[in-house]
Number of protein chains: 2
Amino acid sequence: MTVSRALNDRSNVDKKTKEKIIQKAKSMGYTPNRVAKSLVSRKTQTIGVVIPEITHAFFPEVVRGIEEVTYRSDYQLILTNANEQFEREQHAVNTLRSQQVDGILISSSQTVEDYAFYKEIVNSKTHLVFFDRCIQGIGASCVHVNDRESSELITRHLIEVHQYEKIAHLSGPREVTIGRERYMGYQEALEKSNLTENRDWIVEAGFKEEGGYQAMKKILELPQSDQPRAIVCVNDPVAFGAMEAIKEAGRKIPDDFAITGFSDEIRAPLVEVPLTTVHQPAYEVGRRAAEKLLKLIDGESEQPEDIEITATIQIRKSCGC
Amino acid sequence: MTVSRALNDRSNVDKKTKEKIIQKAKSMGYTPNRVAKSLVSRKTQTIGVVIPEITHAFFPEVVRGIEEVTYRSDYQLILTNANEQFEREQHAVNTLRSQQVDGILISSSQTVEDYAFYKEIVNSKTHLVFFDRCIQGIGASCVHVNDRESSELITRHLIEVHQYEKIAHLSGPREVTIGRERYMGYQEALEKSNLTENRDWIVEAGFKEEGGYQAMKKILELPQSDQPRAIVCVNDPVAFGAMEAIKEAGRKIPDDFAITGFSDEIRAPLVEVPLTTVHQPAYEVGRRAAEKLLKLIDGESEQPEDIEITATIQIRKSCGC
DNA sequence: TTGTAAGCGTTATCAT
DNA sequence: ATGATAACGCTTACAA
C-alpha cells in the first residue's frame with residue numbers, strides 16, 4: 001500500500017520512504033499494471049475508434065483530430081477498421097466493449113435498416129458518438145457536416161452557373177445517412193429548378209473508387225443521346241473512379257462530362273482535372289466528436305447532441321469553371 | 001465457474017445448463033470483461049503501434065498492412081502518433097507497456113544517439129519490432145526497405161541517364177536510420193562517378209513538407225552559378241515542400257531543377273510535375289512487421305531479424321525523363 | 001457435471 | 001506514516 005501511495009505521489013508518505021521506493025522501482029524496471037488498475041477503477045483511459053475504410057484519406061485526417069483531443073486528456077486510442085463491412089463493425093464494437101473502453105467513436109458502415117444493434121449499445125449506457133456516418137433516432141450523439149445542404153449547393157452550382165440540365169448522381173448506399181442526405185440534396189436542387197429526375201442517372205456506387213468506376217460504366221453504356229452532361233458523386237473516391245472510366249472511354253472532363261465530388265481529400269486538387277468538391281473539415285469533425293465523447297464520459301453532458309459542421313464548396317476545374 | 005465454462009464453450013458442461021446460461025447472458029446484455037481476463041491470463045490480445053506522423057500517407061498504408069495481419073489473429077491495435085517528437089514517443093511506449101500490450105510496432109522519431117531507452121525495453125523482454133525507422137544494434141527486429149541501395153540507384157539515375165553533375169541532397173536527421181542510409185546512398189553514387197560532395201548542397205530538412213520548403217529556400221539563396229542542377233530528397237513530403245519553394249521562386253522543374261523523392265505516396269503521381277521517387281511497398285512493410293511480431297509473441301522465433309524489403313525506382317517526369 | 005478456493009496487480013477503507 | 005483486508009471479474013487447480 002505504501003508503495004502504491006509513493007508511486008502515485010500521494011501526500012501521506014514519508015519523504016525518505018518515498019525516495020527509497022521510487023529508486024527501487026526504477027532499478028527494477030517496474031512498470032505499473034494498468035490492467036489491474038482498470039479492473040478496480042472501472043476506467044481504462046481508452047477510447048475505441050471504428051472507421052469504415054482507412055484508405056479513404058478523409059478518415060486518417062479525422063483520426064488526427066481525435067488524437068489531438070485525446071492525447072491532451074491522456075486517453076489511448078484503439079483503432080479498428082471495419083472495411084465497409086457491418087459484420088466486422090459489430091465484431092469491433094463488441095470487442096471494444098469487452099475491452100471496457102471508456103467510450104466509442106464510430107462512423108458506421110451499416111447498410112441495413114435494423115437499428116437493434118446500436119439501440120442496445122446505447123441503452124447499455126456505453127458512451128457512443130457517431131461521426132460522419134450516423135445512426136439517427138436512437139439517442140446517440142453525432143458529428144457531421146451539413147451534407148444535404150452542401151450536396152444541394154454543389155448541384156445547384158452545376159445547374160445555375162453552368163446551365164447543365166442533364167445531371168446524374170452516383171450515390172452511396174441509401175441506408176447510410178450520408179448516402180441518403182447527399183442524394184436528397186441532389187434531388188432538392190433538381191426540384192427547385194424544375195428538372196425531373198431520370199432513373200437511369202441515379203446509380204448506386206458505394207463509397208469506393210471501384211464502385212464509382214463501375215457505376216460510371218453503366219452510364220457510359222447508355223445511348224449517347226440519353227447520357228447526362230454532369231455527374232454529382234457521393235464522395236471523392238467515387239468521383240475518381242468515375243473519372244477513370246470516363247478517361248478510358250476517351251471522353252473529356254469537363255467538356256463531355258462535368259463532375260463533382262464530396263470530401264476534398266488530399267488528391268482532389270491534384271488529379272488531372274482538379275476536382276470541384278465539397279470541402280469537409282475532417283480534422284474538425286474528429287476534434288468535435290472526441291470532445292463530445294469526453295464530455296459524456298466525464299458526465300458533463302448527459303443529453304445526446306447533433307453537431308453539424310458547415311462544409312464549403314471548393315470550386316475547381318472539373319465542373320467546367 | 002459453470003458460467004465461465006458455458007460461455008467459453010468448454011466441453012464439460014451439461015447441454016441444458018449451457019443453453020440456459022447463454023440465454024440468460026444474452027437477455028442480461030452481458031459482455032465478458034476482458035480486462036479481468038487479461039489480468040489472470042497475462043495476455044491482452046492487444047498490440048501497440050507508434051507512428052511518427054499520421055499525415056504522412058506512407059504510415060496509414062503501413063497500418064493497413066498491420067491491420068490485415070492482426071485482424072485475422074484477433075488482435076486489437078492501439079495506435080499512437082508521436083508527431084515526430086521523441087518525448088511523445090517515449091511516453092507512448094511507456095503507456096503501452098503499462099497497458100500490458102502483447103507487443104509493440106514502432107517507427108522511431110528518435111534523433112539522439114543515446115539508445116538507453118530502447119535497450120531497456122528490449123532487455124525487459126517486451127516484444128518489439130521496428131519498421132521503416134529502426135534502432136539498430138540493440139537486438140530488436142526491424143522491417144525496412146533497402147534504403148541505401150535505393151537512394152544510390154535513384155541518384156545514379158540522375159547522374160548516368162541525365163548527366164547531371166551538380167546534385168544536392170535534402171536530408172533527414174542524421175540520427176535516424178533512414179536519414180543516414182539515404183544520405184549514404186547518395187554519397188556512394190557521387191563517389192562512384194567521381195563527383196565531389198559540396199557542403200552547401202547538403203541541407204537537413206527533417207521529414208516534413210515545411211522542412212523541405214525551408215531547405216530548398218536556402219539552396220535558392222546561393223548565387224545561381226553555385227546552385228545545383230538536381231535535388232535528391234529524403235522523402236516525398238520534403239520533395240513536395242521543395243517543389244513549392246522552386247515554384248515560388250519562378251524556377252522550373254525539371255528544366256531548372258530535377259528533383260526526386262522517396263516513398264511514392266499517393267500524391268507523387270498527381271502533382272504538377274509527377275515525382276520520380278522510390279516506391280516503398282508500405283502495405284508490405286506493415287504486413288511483414290506484424291507477422292514478425294506475432295511470431296515473437298507466440299514464441300516461434302526467438303532471434304531478432306532484420307527484414308529487408310526491396311524498393312523499386314519509380315520514374316516520372318520530375319527527374320527530366 | 002458442478003462447485004470451491006485462490007490468485008492475477010491494483011486501490012479504497014479501515015486499523016494501527 | 002504504514003499496514004492489513006477486501007474487492008474488481010475472471011480462470012486454473014482441485015474437490016465433490
Side-chain angles (χ1 to χ4, degrees), chain A residues 1-46 48 74-76 78 93-103 121 124-127 297-299, chain B residues 1-46 48 74-76 78 93-103 121 124-127 297-299:
Chain A
M1 199 52 232
T2 302
V3 169
S4 170
R5 279 191 275 253
L7 262 24
N8 287 286
D9 205 25
R10 300 289 174 78
S11 55
N12 48 352
V13 185
D14 187 81
K15 259 198 172 171
K16 272 182 263 169
T17 323
K18 187 166 155 183
E19 199 56 39
K20 268 203 307 206
I21 289 172
I22 290 177
Q23 277 313 313
K24 186 67 191 170
K26 188 174 280 176
S27 80
M28 290 170 54
Y30 168 84
T31 316
N33 184 327
R34 275 165 85 127
V35 171
K37 178 169 177 169
S38 295
L39 187 59
V40 26
S41 67
R42 288 139 180 296
K43 247 281 205 168
T44 53
Q45 287 292 323
T46 263
D74 196 32
Y75 278 86
Q76 294 283 311
I78 300 192
V93 170
N94 287 333
T95 310
L96 289 171
R97 295 223 297 157
S98 170
Q99 303 224 100
Q100 313 300 115
V101 295
D102 298 329
I121 307 280
S124 76
K125 302 291 171 204
T126 301
H127 299 298
I297 292 173
D298 294 341
Chain B
M1 199 50 231
T2 302
V3 169
S4 169
R5 281 191 274 251
L7 263 23
N8 287 288
D9 204 25
R10 300 288 174 78
S11 54
N12 49 352
V13 186
D14 186 81
K15 258 198 172 174
K16 274 180 263 170
T17 323
K18 187 166 157 184
E19 200 54 39
K20 270 205 305 208
I21 289 172
I22 291 178
Q23 277 313 313
K24 186 67 191 170
K26 189 172 280 177
S27 80
M28 292 171 52
Y30 169 83
T31 316
N33 184 326
R34 274 165 87 128
V35 171
K37 178 169 177 168
S38 294
L39 188 58
V40 26
S41 67
R42 289 139 178 293
K43 246 283 204 165
T44 53
Q45 287 293 324
T46 265
D74 196 34
Y75 278 86
Q76 295 282 311
I78 301 191
V93 170
N94 287 333
T95 310
L96 289 171
R97 294 223 298 156
S98 169
Q99 303 223 99
Q100 314 299 117
V101 294
D102 297 329
I121 307 280
S124 77
K125 303 291 172 204
T126 300
H127 299 298
I297 292 172
D298 294 342

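Computed from a predicted model, the values in this text were never measured in an experiment. In what follows, chains carry the letters A, B, and so on, assigned in the order in which the sequence lines appear, proteins first and then strands, with residues in each chain numbered from 1.
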The criterion is side chain to side chain donor-acceptor pair (under 3.5 Å); which residues satisfy it with [X], sequence neighbours excluded?
X         : result
Lys37(A)  : none
Ser124(B) : Arg97(B), Thr126(B)
Thr44(B)  : Asp102(B)
Thr95(A)  : none

Could you run through nucleotides 3-16 of chain D and give me one letter per nucleotide, 5' to 3': B if any protein heavy atom sits under 4.0 Å from the base, S if only the sugar-phosphate is that close, - if neither? BB---BBBSBB---
Looking at residues at least two apart in the chain, or sitting in another chain, which of them share a side chain to side chain contact (heavy atoms under 4.5 Å, CB included) with [X]?
X        : result
Val40(B) : none
Asp9(B)  : Lys18(B)
Arg42(A) : none
Thr2(A)  : Arg5(A), Val13(A), Thr17(A), Ile21(A)

Close side-chain approach of Thr46(A) and Gln99(B), heavy atoms under 4.5 Å: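 Thr46(A) reaches Gln99(B) side chain to side chain.
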Rounded at 0.5 Å granularity, tell me how far CD in Gln100(B) sits from NZ in Lys43(B). 12.5 Å
In residues 14-24 of chain A, which ones come under 4.0 Å of DNA chain D, going by heavy atoms?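 Asp14(A), Thr17(A) - these, ordered by number, are the residues of the stretch whose heavy atoms sit under 4.0 Å from the strand.
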Note down the inter-axis angle between the two ends of the helix from dT1(C)-dA16(D) to dT16(C)-dA1(D), five pairs each, to the nearest 10°.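 The end-segment axes of the helix from dT1(C)-dA16(D) to dT16(C)-dA1(D) are tilted 40° relative to each other.
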